[in-house]
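Okay, structure first, notes after.
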Amino acid sequence: MTLPNCEGDRTMNDRDDHLSVSQAGSSVVLRLRPWRSDDLPALVAAHRDPQLRRWLANSLADEAEARRWLDAQAGGWDSATRFSFAVVADENDQAPVGHVVVKVGTAGVAEVGYWTVARARGRGIASRSLETVSQWALSAQNLVRLNRLDLLHAEANQASCRVAEKCGYILHDLLPAAPPTFSARGHRHVRTQPGS
């Protein structure tokens, strides 16, 4: 798999297949890389967290679902329709602490999403990772043309609202509940390409 780099049109190979997340103060150094099959145990463990399951539209119940999910992420890269990153601490590439995704829609619009594992919450990992992927999606990658990113979250998920605002996503509109997938009202935040 070859991924576009943040530095123009140079590509990353299997030894350099990540985005570096800028470090803030004494925070942990992070990297964003494609999900791999050996991430299966960490993915299943993350989805056992009731707090995470509360906010996800689709949570993974077992290894078979997680394996299908990993296959879908790889397929998304291959078809340039879904760019899914595991968030890992630079010193431990084997234990993802989060996830960030760009799901390509139509007319230059994509939806972003993210989550972090319980032990990583409240440390700025979600906002740092989302900011890195947002810049990459709108300015650095050359797989698809994007000029707008939408971030949707449940209205009651105030942590996601703070992450969106911190990363320059402006509250665009309030969304009605849409059961069964979205049982509660939500927010749509929008970020556009600089100069748009």
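Under the rule for a salt bridge (charged side-chain N to carboxylate O under 4.0 Å, His left out), R68 has no partner lying at least two apart in sequence or in another chain. Annotation: salt bridge (charged side-chain N to carboxylate O under 4.0 Å, His left out) contacts of E65 (sequence neighbours excluded): none.
Considering only heavy atoms from C-beta on, V117 stays 4.5 Å or farther from D49 through its side chain. Using a 4.5 Å cut-off on side-chain heavy atoms (C-beta onward), V104 and F83 make contact. L146 is listed as a side-chain neighbour of Q141, based on a closest heavy-atom distance under 4.5 Å. L149 places a side-chain heavy atom less than 4.5 Å from the side chain of L138. Side-chain contact between L32 and H18 is absent, with no heavy-atom pair separated by less than 4.5 Å.
Residues Y114 and W55 keep their aromatic ring centres 6.0 Å or farther apart.
A salt bridge (Lys or Arg N to Asp or Glu O under 4.0 Å) with E111 holds for exactly one of K103, R148, R188, R82; it is K103. Looking at L130, V190, D150, V163 one by one, the single match for side chain to side chain contact (heavy atoms under 4.5 Å, CB included) with Y169 turns out to be L130.
Atoms CG and CG, on D173 and L152 in that order, are 8.0 Å from each other to the nearest 0.5 Å.
Considering all non-hydrogen atoms of both residues, A107 and N147 come closest at O-OD1, 4.0 Å. H47 and S59 get closest at one heavy-atom pair: ND1-CA, 3.5 Å. Heavy atoms only, all atoms of each residue included: V88 and P96 are closest at CG1-CA, 3.8 Å.
Linking Ile, Leu, Val, Met, Phe, Trp and Tyr residues whenever their side-chain heavy atoms come within less than 4.5 Å places L40 and W35 in a single cluster.
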